[in-house]
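Structure, as structure tokens:
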Amino acid sequence: MSNSVGHNLLNQSLFQSKINSSGIPANTLFQAKSVHQVTAQARKSPISKKFCGNTLNVQKPKLAMGSCRPITAIPLAVLTTDPPSNQQLAGKFNLDGNIEMQVYVNPSTPGSATQVDICVAYSGDSLTLHWGGIKDRKEKWVLPSRHPDGTKVYKNKALRTPFVNSGSNSLLQIEIDEPTIQAIEFLLVDESQNRWFKNNGDNFHVKLPAKEKLISNASVPEELVEYEAARTELLEEVARGTSIQELQARLTKKNDGGKLEEPSGSDTKAAKKSESKKVRTERIQRKTRDLTRIINKHATKPVDEAKFVDEKHPTKPKPLTAVELFAKEKEERDGGSVLRKNIFKINDKELLVLVTKPAGKTKVHLATDFKEPLALHWALSASKAGEWSEPPASTHPQGSVALNGAVETQFRPSFTDSTYEVQSIEIEIEGESFKGMPFVLNASGNWMKNQGSDFYIDFGVERKKAQKDTGDGKGTAKALLDKIADQESEAQKSFMHRFNIAADLVNQAKDAGELGLAGILVWMRFMATRQLIWNKNYNVKPREISKAQDRLTDLLQNVYANYPQYRELLRMILSTVGRGGEGDVGQRIRDEILVIQRKNNCKGGMMEEWHQKLHNNTSPDDVVICQALIDYIKNDFDIGVYWKTLNENGITKERLLSYDRAIRNEPNFRSDQKDGLLRDLGHYMRTLKAVHSGADLESAIQNCMGYKDEDLLRFVLEHVEDKNVEVLIEGLLEARQALWPLLSKPHDRLRDLLFLDIALDSTVRTAIERGYEELNNAGPEKIMYFISLVLENLALSSDNNEDLIYCLKGWDQAQNMLKSKSNDWALYSKSILDRTRLALANKAESYLRILQPSAEYLGAQLGVDQWAVNIFTEEIIRAGSAASLSSLLNRLDPVLRKTANMGSWQVISPVEVVGYVVYVDELLTVQNKVYSKPTILVAKSVKGEEEIPDGTVAVLTPDMPDVLSHVSVRARNSKVCFATCFDPNILADLQASEGKLLRLKPTPADIVYSEVNEGELDAGSTDSKEDTPSLTLVKKKFTGRYAISSDEFTSEMVGAKSRNMAYVKGKLPSWVGIPTSVALPFGSFEKVLSEDSNKAVAEKLETLKKKLKDGDFDSLKKIRETVLQLAAPHQLVQELKTTMKGSGMPWPGDEGEQRWEQAWTAIKKVWASKWNERAYFSTRKVKLDHDYLCMAVLVQEIINADYAFVIHTTNPSSGDSSEIYAEVVKGLGETLVGAYPGRALSFISKKNDLDSPQVLGYPSKPIGLFIKRSIIFRSDSNGEDLEGYAGAGLYDSVPMDEEEKVVVDYSSDPLMVDGNFRKTILSSIARAGSAIEELYGSPQDIEGVIRDGKLYVVQTRPQM
């Protein structure tokens, strides 16, 4: 490797050199990236590097000091002094690009101080070292006891020591005596000019060699030193207290044959020869960690809607600034079209540049609210954008001074009648000869630029893409996206402009919350996928792009540190932007291509064109071009390989020609150039990726070397190309776990560690994809292990990852069950697989909600290709670990189903039918539709609370509604075939059969389907509009009582739900608990509505009910809202209070008026549920008179359940009356009977063997509902238990207090992990069901809970 490129790369991290004969190394850690490093004289021995232990060792030949010139295209002030004697040159640095600094370190000998010499090619006499010492890696400086002459203590925080001037150089020697000082940090300042020299914005940091006195004087026997490099390490071990005998025993232990063993790689870091390239092949030892430590519960806070309302409907317009008022006046005066209008922020002031085109002229108006005198230093660009050409005299405003190639014009106060104060300049240009105007500002000798570059205004007419309909921006941070769209013409000039504009918008995005940062991500992603122009006739230095990247990523890092709820979005933004760096990394792009051309004698043709392109404007395309060149050379200069690499990464011949500096030629190298080009282009690739890639592993590791877990990072780099990826992925995840604590708190290296973590994450994904072949013939244990690895990776990259963590714990449990040969391992694993799929679906839905509206709105604004907009969110998902995880789950699913004898179907309602296939996304969207022909619905989504449309004979779905959900009960009651299909191939075949007539023949575990002729269609089933027998309701009347106890429950006063609870009281075994109940009887709602205090509410309800009868179904929601406006009569409050307290129930009002209001609201919500959509349309279908429907309210004290259950005493799937079927969930039963995703634990129990329950499926529901001691108000209508009509579950039961949603961890739940506990609980549920069925003498549908092992029944009704 050549020293010019090699040193540049290696000096990014750690130099370690032997510098004295005693074997004690001097380790100098430069947390710097120096552009020009020491250049060695020609030699054969290449620099080699390897990782050893926790450091990066570099073995290099002795360098010829002070006699060589750095290779650079920039003039340098070069030191001409000889190096101090007996000292090692630690490195060379360039200050401000053209001043060289050298640092030498001489390690101490016993009794002497460490000596540091600093030499700077600087002739001024006021250069000062601002410095201090570092102890134990702490950031706070300590002040060494030895001070050179002239040193002053600065604010008790630092030392300031003047340099000694020696001709054209400045020299300084400092000595460090304290053994506890491990490093020095410093800055340089020219105090006469207040000019500071920094190390890319940071302190210079020099690690000092360890003190020799820390090493014991004990000698190490020569037979223990296999290589000289090991001596130092052994001495250090002795210094730490290891005895010579212990070393001898460890390193010379004998094997069974009595022969000495070779020292293992773990015995000593230096136990390999420096030239050896042995790779560590053993697995990384993963630490045992509590997975819950990496749970993120940071919920994104909803943005204040008022912010968006104000933007759309401002009640008080924000007053225009002075500069904006000036612009408005000029636009109105000139009357011509506005070509450009930009307002730049300069500190807290504004600078307006307004370009208009009245009457064939170009007018440039500049205005600012600066108060102090200000000069414009400007020129015009004739042939290319950004060039400085002296303007003709006719364009000079009055008082201008012509300089060499430019003009200087003073801003003058604006003489108008305006009430605002600005300084302004007006420049008038005749004709069309000039492309634009570059300029800078000068105030009292201080030059002001646009983020470090010249300001530039383009005079060209902007040719905008035809703008599509952008919609209303709903679900986006519209104001931010509009601002992005307005500034896109400026952003497309170069990456520097785009990144600086993005940096300016970061605070607004952060204030807009989740949707604001989503907008920035969408914009940056459109950029990264080349949907936006990267460079438009603008010459930008690579270091300026790098600096702009650095500024943007620094701001994003700060948001990441302070707003943990947005970290996932911020990681995605960072990965699209790249690392950046203050100047030097970007500048190396220019410098190193020159070195490659010179060293390899390839200065013309394609390489020169690429060099010109790089010089003008580097972009992520350059990474692809470099890779294409490497592939071309590696494949014996096969030009087809060159084009293949380019085309696969989106670069065509036309794109190469479209660059401002076009690449027209193909590469054409000689065979003798092969080795040198491969070596140098390989190193150059690192530089390109360091700037352009946020997910490049090697450059990310180099940036972090010396800070954290270097051993792990070394292991990762050694294995990154392994074909067997399992070991690599373990190492990557161990490194991510070690990084995780450092990413959760702000510190000065956070950005580097973030980019490292992003790179590790990306490498896991690519490794998994590479490892698919490895899994082709793998058993379930291997696939499950890979699933857990990918899931861990996804959890480490996700916000709100609690569900993912509990899925991960579930997979660990499943693997343990498999290893222990548990009979239920496949059944349990299937439940974890289903839950993991639900978690992935939730993540995809979240991305779609957050990102897609912004992609559609901004894409339309910017004219992005519609296909790119349509797949935007899909591509985001596909680029992450979720896609890999989904693929692995699909591999495992059929294996688990086969092992657990589950088949491809779960048949919920087994009815043989014939019908025409119709595919729908959601059952909910068609639940009120009437099909004219018998229809088999294949529905992608079924939640559980939907109605089944008229004319439907079957519903088939991949979704997993509970067997006892409303839609399941409705299907069985209506004799509709209903089943879940687990096989995606079967579902795809059914979807492809849309429009065909199929016959479905179900068995309890399968469905056989076949195409049939219309002649086989049952004539009776063709008429889906046949009359449904009308059900009769008897309208109930108010009996004069607002509240009654359970002893008073009769059919005239309450529904079957309340009466059944009163009936079973005292008739069941003592171990079955029954909660105390009271009720608000039939007619209470109508009586409250008739009160004078509620007259206005009653009138409004009548109006809305008339609209409803006329088909205005939007009135349903308005009716429910109106019911909530009812006031409680005093008599109702008093009667309910007396009845509840008399029954031993707590009275909410005793806790305060607010608690009663909560209870009253819950009662009204139960009444209002008479008009919920599902219930209303259900009663219409069976022709129930909705006006005759009456609602009693059953009042019960809530039992804070550990588990809730529903029992059907006849198996509803098979119709087998000899077995009980039940489902169990954690927490309250609402997750079981409501539309909560996932499955419950299900089991059957033979009635003749109730103590032997058989689990059919383990739970996959991610959410459990829990509540404090409270009251629940249950609906109890006269229409819920009519014969032939399953009305149960149509109306709402409302707790007084809101339930807490808890993400459930099943891995520690005794019902899942304790077989004896599970058997006890499930047996007691089965026995309770049997006892209640025996009491009623008919099959029952029972709901209940378990609390502290005790069973309670909360309601029972006849099974439908």
Side-chain angles (χ1 to χ4, degrees), residues 471 474-475 834 837-853 855-856 866-867 869-878 882-883 886 889-890 893 904-906 908-909 913 915-962 965-968 970-971 976-996 998 1000 1007 1009 1024 1113 1173-1174 1177-1178 1234-1239 1260 1262:
K474 186 177 180 181
D834 291 341
R837 275 184 171 155
L838 280 173
L840 293 181
N842 290 337
K843 194 166 190 65
E845 288 170 10
S846 172
Y847 278 1
L848 198 66
R849 173 183 58 81
I850 296 166
L851 299 178
Q852 194 61 30
E856 291 172 1
Q866 190 59 45
W867 66 265
V869 172
N870 293 342
I871 66 170
F872 183 87
T873 303
E874 179 186 341
E875 287 301 305
I876 290 280
I877 295 167
R878 285 166 61 88
S886 180
L889 295 174
N890 291 340
D893 194 358
S904 298
W905 295 87
Q906 180 177 24
I908 297 170
S909 175
V913 297
Y916 293 92
V917 176
V918 173
Y919 178 83
V920 296
D921 279 331
E922 295 180 349
L923 181 60
L924 183 66
T925 60
V926 296
Q927 66 174 350
N928 299 320
K929 189 170 181 176
V930 176
Y931 289 97
S932 59
K933 298 188 294 186
T935 299
I936 297 171
L937 282 179
V938 180
K940 182 179 177 182
S941 171
V942 177
K943 298 302 182 187
E945 287 198 324
E946 301 91 339
E947 286 297 312
I948 295 175
D950 283 350
T952 302
V953 297
V955 178
L956 309 177
T957 179
D959 226 333
M960 298 177 289
D962 290 303
S965 65
H966 171 81
V967 71
S968 301
R970 177 73 69 229
V976 171
C977 180
F978 186 35
T980 292
C981 180
F982 300 114
D983 191 327
N985 295 321
I986 294 177
L987 280 167
D989 186 54
L990 285 167
Q991 187 176 346
S993 300
E994 184 157 19
K996 294 180 180 178
L998 298 185
L1000 305 183
I1007 287 184
Y1009 60 93
S1024 63
F1113 300 131
E1173 284 78 5
R1174 185 159 58 88
F1177 289 115
S1178 178
Y1236 283 81
R1239 283 272 173 83
S1260 60

Is any side-chain heavy atom of L937 closer than 4.5 Å to one of Y931? yes

Distance check, rounded to the nearest 0.5 Å: S886 atom OG versus R878 atom CZ? 11.0 Å

With rounding to the nearest 0.5 Å, note down the distance linking CD1 in I871 to CD in Q866. 11.0 Å

Does any part of the side chain of L889, heavy atoms only, come nearer than 4.5 Å to the side chain of L840, both counted from C-beta? yes

Atom pair CD (E856) and NZ (K474), whose distance is rounded to the nearest 0.5 Å: 13.5 Å

Determine whether V967 and I908 make a side-chain contact, defined as any pair of heavy atoms from C-beta on separated by less than 4.5 Å. no

Between CD on residue E845 and OG1 on residue T873, distance to nearest 0.5 Å: 12.5 Å

Residue pair E994 / V918, side-chain heavy-atom distance below 4.5 Å: yes

Provide the closest heavy-atom pair for L956 versus L990 in the form atom of the first, atom of the second, distance. CD1-CD1, 3.9 Å

For V953 against G915, the heavy-atom pair lying closest together: CG2-CA, 4.2 Å

The salt bridge (Lys or Arg N to Asp or Glu O under 4.0 Å) partner of R970 among E945, E946, E947 is E947

Side-chain heavy atoms of I1007 within contact of C977, under 4.5 Å: yes

Residue pair S1260 / L838: nearest heavy atoms and the distance that separates them: O-CD1, 3.8 Å

For P1237 versus P1262, what's the shortest heavy-atom pair and its separation? O-CD, 3.6 Å

For the student: nearest non-hydrogen atoms of L998 and I936, plus distance: O-CD1, 3.7 Å

Quick one: do D834 and M960 satisfy side chain to side chain contact (heavy atoms under 4.5 Å, CB included)? Show the steps, please. CA-CA 9 Å; D834 291 341; M960 298 177 289; 3.5 Å; yes

Kindly indicate whether the side chain of K929, heavy atoms from C-beta on, has any atom under 4.5 Å from the side chain of V920. no

Heavy atoms of A939 and P958 approach each other most closely as O-CD, 3.3 Å

To the nearest 0.5 Å, tell me how far K943 NZ sits from T957 OG1. 9.0 Å

Closer than 3.5 angstrom, by distance alone: can the side chain of Q906 be matched with the main-chain N or O of T980 as a donor-acceptor pair? no

Minimum side-chain heavy-atom gap Y1009-D989 below 4.5 Å: yes

F978 side chain reached by I948 side chain, heavy atoms, under 4.5 Å: no

dist C981:SG -> D959:CG (nearest 0.5 Å) comes out at 12.5 Å

